[in-house]
Amino acid sequence: MPLLEAHGIKKSFARLTALNGVDLTVAENEFHGLIGPNGSGKSTLMKCVAGAEIPTEGTIRFAGRDITAVPPAERARAGLSLKFQITSVLPALTVYDNMLLALQAQNPLSNLIFSRTRGPLHERVLHTLDQFRLADRAGDPAAEISHGQQQWLEIAMALAPEPRLLLLDEPTAGMSLQERRLTGELLIPFKRRCSLVIVEHDLDFIRDICDVLTVLDQGNVLESGTVAHVQNSHKVQEVYLTRV
Ligand SMILES: Nc1ncnc2c1ncn2[C@@H]1O[C@H](COP(=O)(O)OP(=O)(O)OP(=O)(O)O)[C@@H](O)[C@H]1O
Ligand SMILES: [Mg+2]
């Protein structure tokens, strides 16, 4: 059984059809790239999966459960986590405290009140910051780290609840080539622990980390399959060579 199964997703905004019957299937431990020209519906599909938008038609099943109309917080409890284009780090707090907050959010309130979690959490904060090459910036306000480092902090925070599926919408936007490469290296170890759906315009980046690609074009799936299959698709080549 796939982890995520979105079937026949339609989403209209007034008279505009952003998604016109899209299917998306993601297996456990699969890294799935979502690509396509601007306005093709990538973010809208991600929002439908995350619960920020409810599809006009279609169904979304996650871990065997119909979540089509389930509120975002309940999806999060079921194992969905996301990082969107908009930043969610608290700039005045240190990198350490941002990470601590993200890890605390998964602990029951009673643990926090009796603050027995602070010790083990301290180790986890340091370990996670180290994994994302942020350990030496732990004491700095998040506002002072680079744009790329802020993106890594957000990804680390999104992974804090140990989700079964992570959704990333253009996490490398505004990054240098070197930062993008490093982002791929930071994500790959998580293939053992969760699935990923990632929207990206950088095709080299997506080829390097994804197993499967889905290409959207004007609200429809143009192609879906292995990276090699999609790369050799004439339909995809036509869209990318003539229109992007
Ligand atoms: N809340 C909204 N209200 C009205 N129209 C919207 C809304 N959200 C998206 N759209 C429209 O739906 C279409 C798909 O948008 P979407 O943001 O999903 O595209 P995208 O593939 O993520 O594009 P990009 O690569 O530029 O991020 C676009 O025409 C967009 O203008
Ligand atoms: Mg988008």
Side-chain angles (χ1 to χ4, degrees), residues 31-34 42-43 46-47 49-52 72-73 75-77 79-107 111-112 115 117-202 205-206 208-210:
F31 275 20
H32 195 120
L34 196 54
K42 304 179 297 295
S43 294
M46 296 285 265
K47 285 177 188 163
V49 173
R75 295 182 200 220
R77 279 194 293 275
L80 259 168
S81 186
L82 60 141
K83 174 195 142 10
F84 274 101
Q85 278 155 304
I86 302 155
T87 301
S88 66
V89 295
L90 297 169
L93 291 188
T94 62
V95 169
Y96 180 97
D97 283 340
N98 269 285
M99 198 60 229
L100 182 65
L101 274 180
L103 287 167
Q104 278 177 336
Q106 68 176 127
N107 284 275
N111 282 1
L112 298 179
S115 76
T117 58
R118 178 95 198 197
L121 273 188
H122 175 71
E123 295 302 317
R124 278 189 64 195
V125 170
L126 293 185
H127 176 70
T128 311
L129 291 180
D130 192 45
Q131 271 182 313
F132 283 86
R133 319 273 167 105
L134 292 164
D136 58 336
R137 305 302 304 268
D140 295 325
E144 286 176 18
I145 59 178
S146 73
H147 170 76
Q149 288 171 321
Q150 284 189 8
Q151 303 297 303
W152 297 330
L153 177 57
E154 279 197 63
I155 295 171
M157 289 165 67
L159 283 164
E162 298 181 357
R164 295 180 72 179
L165 175 63
L166 176 65
L167 306 171
L168 296 177
D169 194 350
E170 298 198 35
T172 74
M175 283 188 185
S176 67
L177 181 61
Q178 200 185 4
E179 286 174 327
R180 262 181 277 158
R181 290 232 174 90
L182 187 53
T183 305
E185 284 173 34
L186 296 175
L187 285 172
I188 281 171
F190 287 89
K191 208 175 274 195
R192 275 180 273 124
R193 301 201 219 160
C194 66
S195 305
L196 171 72
V197 180
I198 183 166
V199 173
E200 262 301 333
H201 284 288
D202 180 338
F205 172 85
I206 218 130
D208 285 348
I209 71 162
C210 289

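Throughout, numbering of the chain's residues begins at 1 and tracks the sequence.
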- Task: Taking the side chain as every heavy atom from C-beta outward, state whether I206 and L34 have any pair of such atoms under 4.5 Å apart.
- Result: no
- Query: Is any side-chain heavy atom of I155 closer than 4.5 Å to a side-chain heavy atom of L186?
  - Reply: no
- Message: Main chain of S176, side chain of E179: is a donor-acceptor contact present, judged purely on distance under 3.5 Å?
- Response: yes
- Query: How far apart are the closest heavy atoms of L90 and N98, and which atoms are they?
  - Reply: N-OD1, 2.9 Å
- What is the minimum heavy-atom distance between G33 and C210, and which atoms define it? N-SG, 3.5 Å
- Heavy-atom donor-acceptor pair, D130 side chain to A135 backbone, under 3.5 Å: no
- Message: What verdict does the side-chain contact (heavy atoms from CB on, under 4.5 Å) test give for L165 and L82, after you've listed the backbone C-alpha separation in whole Å, the side-chain angles of each residue and the deciding distance to 0.1 Å?
- Response: CA-CA 8 Å; L165 175 63; L82 60 141; over 6 Å; no
- Item | Gap separating the NZ atom of K47 from the NZ atom of K42, nearest 0.5 angstrom | 11.5 Å
- Task: Determine yes or no for a side-chain-to-main-chain donor-acceptor pair under 3.5 angstrom, with Q149 supplying the side chain and L134 the backbone.
- Result: no
- Less than 4.5 Å apart, any side-chain heavy atom of M157 and any of F132? no
- Check: A173 main-chain N/O paired with H201 side-chain donor or acceptor under 3.5 Å: no
- Task: Would you give the length of the straight line joining atom CE of M99 to atom CG of D97, rounded to the nearest 0.5 angstrom?
- Result: 12.0 Å
- Task: Begin from the C-alpha positions of I145 and V89 and carry the test side-chain contact (heavy atoms from CB on, under 4.5 Å) through to its verdict.
- Result: CA-CA 11 Å; I145 59 178; V89 295; over 6 Å; no
- Are any non-hydrogen side-chain atoms of V197 and V49 less than 4.5 angstrom apart? no
- Tell me, do R133 and L182 make a side-chain contact under 4.5 Å, heavy atoms counted? yes
- Rounded to the nearest 0.5 angstrom, the CZ-CG distance for F31 and L166 is 8.0 Å
- Message: Counting only heavy atoms from other residues, nucleotides and ligands, does the tally under 6.0 Å from CZ of R137 exceed 12?
- Response: yes
- Message: I want to check something: taking the side chain as every heavy atom from C-beta on, are E170 and M46 in contact at a cut-off of under 4.5 Å?
- Response: no
- Message: Can you tell me how far apart CG (L196) and NE2 (H32) are? Round to the nearest 0.5 Å.
- Response: 10.0 Å
- One should read off an interatomic distance between T183 OG1 and I188 CD1, to the nearest 0.5 angstrom, of 11.0 Å
- Counting only N and O atoms by type, is there a donor-acceptor contact under 3.5 Å from the side chain of E200 to the main-chain atoms of T172? yes
- Message: I need the minimum non-hydrogen distance between F205 and R180, along with the two atoms involved.
- Response: CE1-O, 3.3 Å
- Item | Heavy-atom pair of closest approach, residues C194 and P163 | CB-O, 3.2 Å
- Query: Are the side chain of K191 and the backbone of I209 linked by a donor-acceptor contact shorter than 3.5 Å?
  - Reply: yes
